Amino acid sequence: MRINTNITSINALRMTSNIKKTIQNSIQKLSSGSRINKAADDAAGLSISEKMRSQIRGLNMASRNAQDGISLLQTAEGGLSEAHEILQRSRMLAVQAANDTNVTLDKEKIQLEVDNLLEEVDRISETTEFNSINLLDGTIGKSWNGISETSTDALKNRIIEGLKSGWLSEAEKMIESHYGLTASNRDINVVLKYDEAEGTLASIQTQWSVLGDPNLDASTATISSMELNIDLYDFDPSTGEHGDNYMTVAGGSMYNDRIIAHELVHAVMADAMGDNFYDMPTWFKEGSAEFIHGADDRIAADTNPPAATTIADVVTLAVDMINNETWAQDSINYSASYLAVKYIESNLAGGQTFADIMSEIKNDADLTSDNTIDAIVNHTTFADKAAFVASLTANGANYYNTVVAVNAADTGSIGGSDHVGAIDLNAEDIVPTGSYLDNPTKFNFIFEEIATTKTTTNSATFQIGANEGQIMSISIDSISTTNLRLSAIDIVNDADEAITSFDAAIENISSLRSRLGAYQNRLEHTIKNLDVSSENLLASEARIRDVDMADEMMTFSKSNILMQAAQAMLAQSNQTPRGVLQLLR
């Protein structure tokens with residue numbers, strides 16, 4: 001028998017401690033109602049339970065979101081309902097005004113009421129809000145703003161309208177009539193850009209096969225593509241048939257249709273002449289392009305005070321360019337080139353025309369800069385290039401002063417009274433007004449598609465699920481009078497048209513209200529689905545997290561009984577060493 005180490009007592013103590021822990025866990029579970037109070041209770045169960053809890057709370061929040069969405073829609077429909085009433089009243093007034101028993105004064109009074117009613121529609125559109133969110137002004141839907149007179153789209157539309165309404169086709173006819181050149185139905189892309197720095201209103205850009213390839217000879221150059229580039233920054237046409245005045249100078253104005261005619265000369269010459277145009281000196285290309293519409297006003301602007309340049313300077317520059325001086329991209333170069341070409345036409349031999357010169361250049365099998373001059377002088381009174389240069393040098397300034405500058409009513413166009421024409425052609429008359437053509441007859445112009453209206457489309461999203469991406473998007477279009485096409489209602493002069501406009505507006509509001517009703521019905525079903533999902537998930541989470549009170553109470557009772565027994569056994573085991581006293585007696 002041992003008294004130092006009472007194994008029986010130690011064993012009873014250990015069992016008592018274990019039972020005590022079980023009792024403590026049971027008390028914790030019974031008092032909290034949860035089976036899992038710490039991760040040690042059920043590590044895997046805790047992880048699953050927490051994930052379920054995030055889903056449950058997300059579903060509950062999504063249900064509230066959907067309820068808020070319904071409230072937003074109901075607020076919007078309240079505004080739409082009132083707008084409906086206003087439009088119905090306005091339509092009734094339009095029907096009343098359409099009856100000729102009403103005199104003009106009566107209709108004006110009706111118009112006054114309609115105007116006020118439509119102002120209220122705009123006010124409803126602008127002020128109907130939910131939680132400071134505008135609902136009916138297009139903030140969360142489509143808003144049509146028409147086209148501002150200063151918008152880029154409006155400018156593009158006006159340019160394309162001008163190009164199609166005669167600027168292109170009539171310019172081609174002029175070129176064919178006076179230069180004998182026609183195009184071959186080549187595609188030309190019309191590129192509308194906005195470049196504040198460039199400063200070039202319009203240009204023809206021709207891509208040649210020899211560019212960038214040192215192994216190809218210029219005599220084999222072919223056209224790969226053509227573009228008519230128009231810079232919106234510089235090009236600002238009015239609604240008039242000729243466009244705005246791009247450059248107003250003494251004696252005339254550089255209307256946009258004149259500039260288009262200039263660029264089409266390059267396009268037609270390049271298409272008709274091919275590599276001969278590529279080899280042609282720049283001064284003749286640009287001078288011919290200026291000559292088609294006349295540039296007397298350009299020379300006047302370049303040489304009249306306070307300009308420092310004189311007509312003698314222009315003549316000298318023209319001679320230098322004929323003698324292969326490098327072309328510089330400025331107005332003086334254009335003036336000098338134009339004066340040289342104009343001087344050539346004024347000295348044609350009997351029976352010869354400028355078209356004959358173009359024909360010889362076109363058909364020259366081996367054109368160079370020098371034999372371009374030869375082809376020109378062959379049709380003039382000059383014996384050769386030297387005679388032409390000498391005559392221009394000696395007489396160019398006097399020619400301008402006594403012939404060109406005399407008739408201020410004519411721009412100097414080849415078709416005007418200075419040349420083959422019988423009448424003066426001023427800045428507006430150079431390019432005739434033509435009929436509207438989608439495509440001119442000799443080129444196939446390809447225009448970019450420009451929207452005729454400006455719309456902005458937005459949407460609002462409702463988070464109607466517990467997870468990312470579970471959303472519902474809605475849109476509520478603007479009901480402004482602009483968006484409803486009611487901003488120009490004229491009851492007095494056109495009541496029938498007003499009735500039609502109100503019918504369309506009422507239909508738009510009806511369609512919008514129907515859409516909102518569909519949104520609301522959808523959200524109501526969404527709420528029901530969310531609530532069911534939350535309930536079922538909550539039940540599943542409860543099975544993991546919540547304690548079974550009856551089962552835990554049974555464990556608690558058992559543990560209490562075991563604790564009493566263990567304490568009794570501990571007491572008994574502590575009595576065992578006392579048996580040693582019997583041996584010592």
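Keep in mind the model is a prediction, meaning the values are calculated, not measured.
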Side chain to side chain, Ser337 and Met321, heavy atoms closer than 4.5 Å: yes
Have a look at Tyr334 and tell me which of Phe291, Trp283, Trp327 forms a ring pair (Phe, Tyr, Trp, His ring centres under 6.0 Å) with it. Trp327
Test item: side-chain donor near acceptor, Asp302 and Thr309, under 3.5 Å: no
Val265 side chain near His262 side chain, heavy-atom distance below 4.5 Å: no
Angle between ring planes, His266 versus Phe277, binned at 30° and 60°: parallel, tilted or perpendicular? tilted
Under 3.5 Å donor-acceptor, Ser511 side chain and Glu507 backbone: no
Please answer whether the main-chain N or O of Ala300 pairs with a side-chain N or O of Asn304 as donor and acceptor at a distance below 3.5 Å. yes
Min side-chain heavy-atom separation Ile361-Met269 under 4.5 Å: no
So does Ile489 get a backbone contact from the side chain of Gln111, meaning a donor-acceptor N/O pair under 3.5 Å? yes
With a 3.5 Å distance limit and no angle check, can you tell me whether Asp122 reaches the backbone of Thr481 through a side-chain donor-acceptor pair? yes
Check: Tyr338 side chain, Gly412 main-chain N or O, donor-acceptor pair, under 3.5 Å: yes
For Asn398 and Asn395, indicate whether the former's side chain and the latter's backbone hold a donor-acceptor pair under 3.5 Å. no
Between Asn185 and Asn444, does a side chain to side chain donor-acceptor pair (under 3.5 Å) hold up when you go through it step by step? CA-CA 5 Å; Asn185 200 38; Asn444 178 33; 5.7 Å; no
Under 4.5 Å between any side-chain heavy atoms of Trp167 and Leu264, yes or no? no
Sub-3.5 Å donor-acceptor pair from the side chain of Asn134 to the main-chain atoms of Glu126, do we have one? yes
Looking at Arg258 and Gly294, would you say the former's side chain and the latter's main chain have a donor-acceptor pair under 3.5 Å? yes
Please assess Tyr399 against Ser346 for the test side chain to side chain donor-acceptor pair (under 3.5 Å), listing each intermediate value before the final yes or no. CA-CA 10 Å; Tyr399 167 70; Ser346 297; 2.6 Å; yes
Report the C-alpha distance between Asn333 and Asp330 in whole Å, list the side-chain angles of each, state the deciding distance to 0.1 Å, and finish with yes or no for side chain to side chain donor-acceptor pair (under 3.5 Å). CA-CA 6 Å; Asn333 278 253; Asp330 58 32; 2.6 Å; yes
Strictly by modelled atom types, are Thr353 and Asp356 linked by a side-chain donor-acceptor pair under 3.5 Å? yes
Any donor-acceptor pair under 3.5 Å linking the side chain of Asn189 with the backbone of Val191? no
Stepwise, does the salt bridge (charged side-chain N to carboxylate O under 4.0 Å, His left out) test hold for Lys173 with Glu170? CA-CA 5 Å; Lys173 292 175 185 177; Glu170 293 303 320; 3.2 Å; yes
Donor-acceptor contact present, side-chain Asp271 to main-chain Ser184, <3.5 Å: yes
